[in-house]
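A quick note: this is a predicted structure, and the numbers were derived from the prediction, not measured. Only this structure's heavy atoms are used, side chains among them; waters, hydrogens and symmetry mates stay out.
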Amino acid sequence: MSETNNIPLLDCPKDFLIGDASGKIMNEYARFPCKIKCGVYAIMVRGEARATINITEYQFRKNDLLFLESGSFLLIHEFSEDALVYYILFSSSFIDKNTFSTQMSFTSLRRLNPILHLNDDVASTAIHMVETLVEASNCQPSLLNTNRMLHVYNMLQLFYLDLAKEPKAESLHPLDRKNEIFQEYCQLVMKHYHEWHHVSQYAEEMRLTLPHLSTTIKQASDKTAGELIIEAILTDAKAQLRLTTKQVKEIAITLGFENVAFFNRFFKTHTGYTPKAYRMAAL
């Protein structure tokens with residue numbers, strides 16, 4: 001399949017997009033965090049990569065399968081030059097048209113890691129599936145349309161769910177109790193970081209004592225629970241500063257800061273830049 005540099009990291013320009021990208025191209029998107037509006041299905045064909053999804057950093061390698069839901073934050077740190085990724089993107093409008101059963105699948109997906117490592121046979125099948133879809137898309141007229149891709153979308157989710165449930169499934173963070181708490185905490189942070197800035201609010205929601213939650217998060221991630229909240233706020237702030245024309249005051253309000261001066265101090269403390277200086281540096 002031919003290389004392309006037309007990979008929308010915010011939303012897909014049409015209902016679906018299928019293709020591939022090299023490590024060189026993916027590194028072009030390593031300059032800023034962004035919030036993904038499209039759903040992403042991808043498989044690492046070769047090479048290695050490092051990226052943060054929401055507030056968790058992951059290492060990618062050959063045969064890793066990724067299913068990223070709409071609304072996720074993505075910050076690409078680095079792709080190896082020899083890396084090759086096959087992807088299928090589904091626009092936010094496409095996802096909004098989906099059936100109730102599909103949304104239930106996504107509810108299940110949220111309880112799992114976004115990345116699974118496939119054995120060579122399963123990875124080969126997944127790669128061949130994407131290549132077949134590319135061929136179908138390139139036919140004149142195309143064999144793919146929105147209605148047919150809806151079935152593909154559901155199939156991909158079921159494929160991922162079935163793989164994740166396999167006893168021998170290789171997940172980057174096995175679901176023992178410690179990691180269950182960590183994942184639940186991360187999900188809550190991504191849902192409430194714009195309104196809840198204190199760990200105690202999450203502990204109360206999870207019905208855990210503050211010391212127990214704090215210790216568990218530290219053991220599972222080598223970061224404090226408070227640091228993860230800060231990372232979520234900063235990721236959103238950086239994305240808005242670089243990708244929108246909103247005033248700093250507007251951004252501060254969306255992130256739960258009623259006082260813009262406090263937001264400015266918070267941002268500079270953790271980045272070394274004022275919000276305005278950070279925005280200017282990105283131009």
**Asked** Would you say Asp236's side chain and Ala232's backbone share a donor-acceptor pair under 3.5 angstrom?
**Response**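 Absent.
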**Item:** Glu231 backbone acceptor or donor facing Thr235 side chain under 3.5 Å
**Value:**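 Between the backbone of Glu231 and the side chain of Thr235 there is a qualifying donor-acceptor contact (under 3.5 Å).
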Look up atom [atom1] in [X] and atom [atom2] in [Y], then write down how far apart they are to the nearest 0.5 Å.
X      : Y      : atom1 : atom2 : value
His212 : Ile217 : NE2   : CD1   : 9.5 Å
Gln247 : Lys276 : CD    : NZ    : 11.5 Å
Cys12  : Ile18  : SG    : CD1   : 9.5 Å
Leu133 : Asn138 : CG    : CG    : 11.0 Å
Ser80  : Lys62  : OG    : NZ    : 12.5 Å
Ser22  : Glu81  : OG    : CD    : 7.5 Å

Min side-chain heavy-atom separation [X]-[Y] under 4.5 Å:
X      : Y      : result
Lys238 : Leu75  : no
Trp196 : Val189 : no
Ile95  : Glu69  : no
Tyr185 : Ile229 : yes
Phe182 : Leu228 : yes
Leu156 : Met129 : yes
Arg279 : Tyr273 : no
Val130 : Tyr87  : no

**Residue pair Leu234, Phe266: steps toward the side chain to side chain contact (heavy atoms under 4.5 Å, CB included) verdict** = CA-CA 9 Å; Leu234 289 175; Phe266 170 87; 3.8 Å; yes
Is the [atom1] atom of [X] crowded by more than 12 outside heavy atoms at less than 6.0 Å?
X      : atom1 : result
Gln201 : CD    : yes
Lys218 : NZ    : yes
Glu48  : CD    : no
His198 : NE2   : no
Glu204 : CD    : no

Closest approach of [X] to [Y] (non-hydrogen atoms, all atoms of both residues):
X      : Y      : answer
Phe79  : Val85  : CE2-CG2, 3.6 Å
His117 : Asp64  : ND1-OD1, 2.8 Å
Thr146 : Phe94  : O-CE1, 3.7 Å
Ser142 : Ala136 : OG-O, 3.5 Å
Lys14  : Ser91  : O-CB, 3.2 Å
Ala126 : Ile43  : CB-CD1, 3.8 Å

**Message:** I need the single residue from Leu144, Asn145, Thr132 that forms a side chain to side chain contact (heavy atoms under 4.5 Å, CB included) with Ser137. Which is it?
**Reply:**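 When Leu144, Asn145, Thr132 are each tested with Ser137, the side chain to side chain contact (heavy atoms under 4.5 Å, CB included) holds only for Leu144.
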**Message:** Before you tell me yes or no, could you show the steps for Gln183 and Thr56 under side chain to side chain contact (heavy atoms under 4.5 Å, CB included), namely the whole-Å CA-CA distance, both residues' side-chain angles and the distance that decides it to 0.1 Å?
**Reply:** CA-CA 10 Å; Gln183 290 190 28; Thr56 304; over 6 Å; no
Identified side chain to side chain donor-acceptor pair (under 3.5 Å) partner of [X] from the options [options]:
X      : options                : answer
Thr254 : Gln240, His194, Lys246 : Gln240
Asp11  : Ser92, Ser70, Ser93    : Ser92
Glu195 : Lys191, His197, His192 : His192

Does [X] belong to the same Ile/Leu/Val/Met/Phe/Trp/Tyr cluster as [Y], with side-chain heavy atoms less than 4.5 Å apart forming each link?
X      : Y      : answer
Leu17  : Ile36  : yes
Leu210 : Met206 : yes
Ile253 : Phe257 : no
Val134 : Ile127 : yes
Leu143 : Ile88  : no

**Asked** Do Thr52 and His77 have a side chain donor and acceptor closer than 3.5 Å?
**Response**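 Yes - a donor-acceptor pair under 3.5 Å links their side chains.
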**Asked** In terms of ring plane angle, is the pair Phe67 and Tyr153 parallel, tilted or perpendicular, where the classes change at 30° and 60°?
**Response**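 It falls in the perpendicular class, over 60°.
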**Request:** Mind telling me whether Phe267 and Phe263 have parallel, tilted or perpendicular rings, with 30° and 60° as the class edges?
**Result:**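 Judged by the thresholds at 30° and 60°, the geometry between Phe263 and Phe267 is tilted.
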**Request:** Return the set of residues passing side-chain contact (heavy atoms from CB on, under 4.5 Å) with Thr125 (not counting sequence neighbours), or none when no residue passes.
**Result:**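 By the side-chain contact (heavy atoms from CB on, under 4.5 Å) rule, Thr125 matches no residue at all.
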**Request:** Report the C-alpha separation of Leu66 and Ile53 in whole Å, then their side-chain angles, then the decisive distance to 0.1 Å, and conclude whether the side chain to side chain contact (heavy atoms under 4.5 Å, CB included) test is met.
**Result:** CA-CA 11 Å; Leu66 169 71; Ile53 299 172; 3.7 Å; yes
**side chain to side chain contact (heavy atoms under 4.5 Å, CB included) between Lys223 and Ile55, intermediate numbers included** = CA-CA 10 Å; Lys223 295 182 180 181; Ile55 51 177; over 6 Å; no
